[in-house]
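Whatever order the structure lists ligands and atoms in, that order sets their numbers, starting from 1.
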Amino acid sequence: MSEFLDQCRHILGWSHVLTEAHDTHPYLNDWRKRTQGTAIAVLRPGNSQEVAQITQLCHQHRIPIVPQGGNTGLVQGGIPDQTGTAVLLSLRRLNRVRQIDVANLTMTVEAGCTLQQLQTLADQANCFFPLSLASEGSCTIGGNLSTNAGGTAVLRYGNARDLCLGLEVVTPQGELWDGLRSLRKDNTGYDLKNLYIGAEGSLGIITAAVVKLFPKPNSRVTALVALNSASAALALLNRMQNLSGTNLCAFELISEYSLELVQQLLPELTPIFQENFPYYTLLEVASHENFDTLQTQFQEHLETCLQDELLSDVAIAMNEKQSADFWKIRESISEAQAKQGRNVKHDISLPSSIIPQFIERAQTALHQQFPSSRLVCFGHLGDGNLHFNVYPPTDSKAEEFEMIETRINRCVHDLVHRFNGSISAEHGIGVLKREELQRYASELELRLMRQIKAALDPLNLMNPGKLL
Ligand SMILES: Cc1cc2nc3c(=O)[nH]c(=O)nc-3n(C[C@H](O)[C@H](O)[C@H](O)COP(=O)(O)OP(=O)(O)OC[C@H]3O[C@@H](n4cnc5c(N)ncnc54)[C@H](O)[C@@H]3O)c2cc1C
């Protein structure tokens with residue numbers, strides 16, 4: 001091992017080969033603090049060539065690699081296991097923007113750029129990069145593409161996959177593939193980039209990407225709406241899609257208990273409505289019109305919905321500050337939940353049309369088994385994606401959590417499967433959902449995935465034990 005580490009130091013320099021526990025600790029713990037891995041070392045290359053050289057070296061020594069970006073992943077995909085046989089490869093130093101082509105509306109960026117860095121740079125170029133997640137200050141574009149991240153703007157712009165035109169990738173053998181094409185049309189054989197997107201680092205290491213930019217909207221208006229049921233939320237979504245068309249860019253569901261937890265976390269928050277409602281939605285429209293025109297139009301649309309009794313109450317943000325306050329509510333739900341204690345998380349997707357029926361059926365099934373369990377249901381309703389999280393019964397003991405978690409998972413995921421939904425809408429499989437993938441994917445799907453993995457990474461050196 002010492003010969004291997006010396007060779008790593010020769011490639012990267014001493015300061016970028018971390019072996020001391022106090023240096024490696026932040027890289028080896030997952031965001032939710034549920035697992036801690038062990039690694040031979042944390043390696044911090046500074047450019048694509050160094051990534052390729054290190055990967056060649058690992059291939060030669062048969063040492064597995066766990067790629068990591070911002071370490072905000074929620075399924076433990078970027079953390080090594082406890083055997084201490086792998087290296088953790090942090091891509092965060094690859095943080096240069098190689099090119100912004102405003103005329104082509106594209107940007108070529110290295111994998112370790114944070115999402116927020118890309119949004120800011122796009123804005124400075126008078127363009128817009130729409131991918132947006134609550135973790136955007138820390139997550140990296142390499143991680144976003146490797147997990148095919150979703151977030152709050154999928155309704156209008158699609159997920160990370162839809163925003164990527166080209167990739168640069170280091171293969172498990174240490175070759176550097178330059179697929180950095182900035183073309184919107186390219187039908188030259190298999191679409192290799194789409195194999196690496198969403199592969200969670202199991203097929204290769206993304207070192208750079210070409211992402212799409214968009215003309216910057218002139219104005220955006222946000223509203224918080226109170227509703228009597230999940231069916232009302234779906235009816236409102238359909239009506240607003242008809243009224244606002246592609247101006248509708250976010251439609252987020254927030255259940256009553258989700259809001260209650262946020263209010264406990266942020267007591268300074270002024271209550272938006274006089275009374276409590278079973279559901280709320282956060283809606284946003286954006287367009288190239290000026291703010292006043294867009295706001296008036298949005299207000300008229302929401303008034304029509306109010307008259308038709310599709311919604312119970314509405315608050316429209318009058319300025320950027322109010323809009324930010326509404327978003328803060330939505331974006332604080334994860335933190336508020338964490339403060340409330342351990343809960344069983346699900347990141348599911350279903351056809352939007354089925355969601356109200358699913359919520360009702362799942363709630364009934366859960367309450368039959370665990371009468372005092374509590375549900376925190378929120379998410380990107382516009383994309384059919386729910387974070388359907390369940391607090392175990394209040395009287396259950398800490399040591400019973402894993403057993404309860406398995407039973408709750410079975411209850412929720414079986415129903416998702418019955419409705420032809422997905423057990424992982426946007427967070428990926430990692431370690432946490434690996435057994436669930438084996439349970440619900442078809443034999444053929446699993447076999448094809450294993451064949452792809454074996455063809456590209458026959459020695460199983462890329463993020464072993466994740467996804468498959
Ligand atoms: C508060 C909070 C809110 C979130 N909200 C959302 C949300 O709305 N939507 C959503 O989709 N996700 C969300 N996430 C999850 C997470 O932020 C995303 O999955 C994000 O894309 C991960 O990026 P990262 O750079 O942190 O990747 P990491 O966590 O470092 O890694 C994630 C996976 O990608 C692999 N990987 C990372 N970089 C590379 C690379 N360059 N090449 C190959 N493989 C790589 C890792 O091995 C791992 O398997 C949220 C997380 C938090 C903490």
Side-chain angles (χ1 to χ4, degrees), residues 26-33 37 45 48 51 55 64-80 86-95 109-118 131-154 159-161 163 167-172 195-209 250 252 327 330-338 345 347 349 378-380 383 385-387 424-434 457 462-468:
Y27 297 89
L28 299 175
N29 282 281
D30 79 307
W31 190 83
R32 283 186 178 141
K33 310 275 177 287
S48 306
V51 176
T55 309
I65 298 176
V66 180
Q68 190 185 85
N71 194 15
T72 67
L74 298 176
V75 290
Q76 300 171 6
I79 303 290
V87 291
L88 188 141
L89 192 78
S90 169
L91 278 305
R92 275 186 245 177
R93 287 182 61 232
L94 273 76
N95 59 4
V109 296
E110 292 185 347
C113 291
T114 65
L115 178 52
Q116 200 166 57
Q117 191 184 344
L118 300 198
L131 191 65
S132 176
L133 324 178
S135 54
E136 60 204 20
S138 313
C139 65
T140 62
I141 188 67
N144 300 149
L145 290 165
S146 299
T147 56
N148 186 24
T152 52
V154 175
N159 44 28
R161 187 188 299 283
L163 301 173
L167 284 185
E168 180 186 81
V169 173
V170 170
T171 68
L195 272 182
Y196 296 106
I197 297 175
E200 302 181 43
S202 66
L203 299 178
I205 303 157
I206 297 176
T207 48
E252 298 287 309
W327 274 107
R330 166 62 185 88
E331 286 171 354
S332 302
I333 301 175
S334 297
E335 198 187 332
Q337 272 185 116
K345 298 195 191 308
D347 163 39
S349 72
F378 65 100
H380 317 295
D383 323 323
N385 176 193
L386 286 184
H387 299 307
S424 181
E426 57 176 10
H427 296 160
I429 298 296
V431 174
L432 281 187
K433 303 272 173 65
R434 200 180 44 194
D457 180 21
M462 289 306 314
N463 216 0
K466 313 293 165 53
L467 208 159
L468 286 172

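- When only non-hydrogen protein atoms are considered, atom 27 (O) of ligand 1 lies nearest to G143 CA, 3.5 Å.
- For T147, every heavy-atom contact with ligand 1 shorter than 4.0 Å involves the side chain, none the backbone.
- Under 4.0 angstrom from ligand 1, there are no non-hydrogen atoms of E335.
- Protein heavy atom in closest approach to atom 20 (C) of ligand 1: N144 ND2, 3.5 Å.
- Of the protein's heavy atoms, N71 N, 3.6 Å lies nearest to atom 28 (P) of ligand 1.
- Closest heavy-atom approach to atom 5 (N) of ligand 1 among the candidates A134, A149, G112: A134.
- Each of the atoms 43 (C) of ligand 1 lies under 4.0 Å from some heavy atom of G204.
- Of the listed residues (C113, C139, G142), the one carrying the non-hydrogen atom nearest atom 23 (O) of ligand 1 is C139.
- Nearest-heavy-atom check against atom 47 (O) of ligand 1 across S332, P67, G151 picks out P67.
- Contacts between T140 and ligand 1 below 4.0 angstrom, taking non-hydrogen atoms only, involve backbone and side chain alike.
- Distances below 4.0 Å separate heavy atoms of S146 from the following atoms of ligand 1: 34 (O), 35 (C), 36 (N), 39 (C), 40 (C), 42 (N), 43 (C), 44 (N), 45 (C).
- Of the N and O atoms on the side chains of Q337 and H387, not one donor lies less than 3.5 Å from an acceptor on the other residue.
- Contacts of N463 with ligand 1, taken as heavy-atom pairs under 4.0 Å, involve the side chain alone.
- Between R330 and E252, at least one side-chain nitrogen of the basic residue sits less than 4.0 Å from a carboxylate oxygen of the acidic one, meeting the salt-bridge criterion.
- In terms of protein heavy-atom proximity, atom 6 (C) of ligand 1 is nearest to L133 CB, 4.1 Å.
- Annotation for ligand 1: atoms under 4.0 Å from non-hydrogen atoms of G201 are 43 (C), 44 (N).
- Of the options A111, S90, S135, A199, the smallest heavy-atom separation from atom 2 (C) of ligand 1 is shown by S135.
- Closest to atom 41 (N) of ligand 1 among all protein heavy atoms lies I206 O, 2.9 Å.
- Nearest protein heavy-atom contact of atom 29 (O) of ligand 1 is G73 N, 2.7 Å.
- Contact annotation: for E331 versus ligand 1, there are no heavy atoms closer than 4.0 Å.
- Looking at atom 12 (N) of ligand 1, its nearest protein heavy atom turns out to be H427 CD2, 3.6 Å.
- Around atom 9 (N) of ligand 1, the closest heavy atom drawn from E426, M462, R92, H387 belongs to E426.
- Side-chain contact between D347 and N385 is present, with heavy atoms from C-beta onward closer than 4.5 Å.
- The distance from ligand 1 to the heavy atoms of T72 drops below 4.0 Å at these ligand atoms: 15 (C), 16 (C), 17 (O), 20 (C), 22 (C), 23 (O), 24 (P), 26 (O), 29 (O), 51 (C), 53 (C).
- Using a 4.0 Å cut-off to heavy atoms of G78, the atoms of ligand 1 that qualify are 46 (C), 47 (O), 48 (C), 49 (O).
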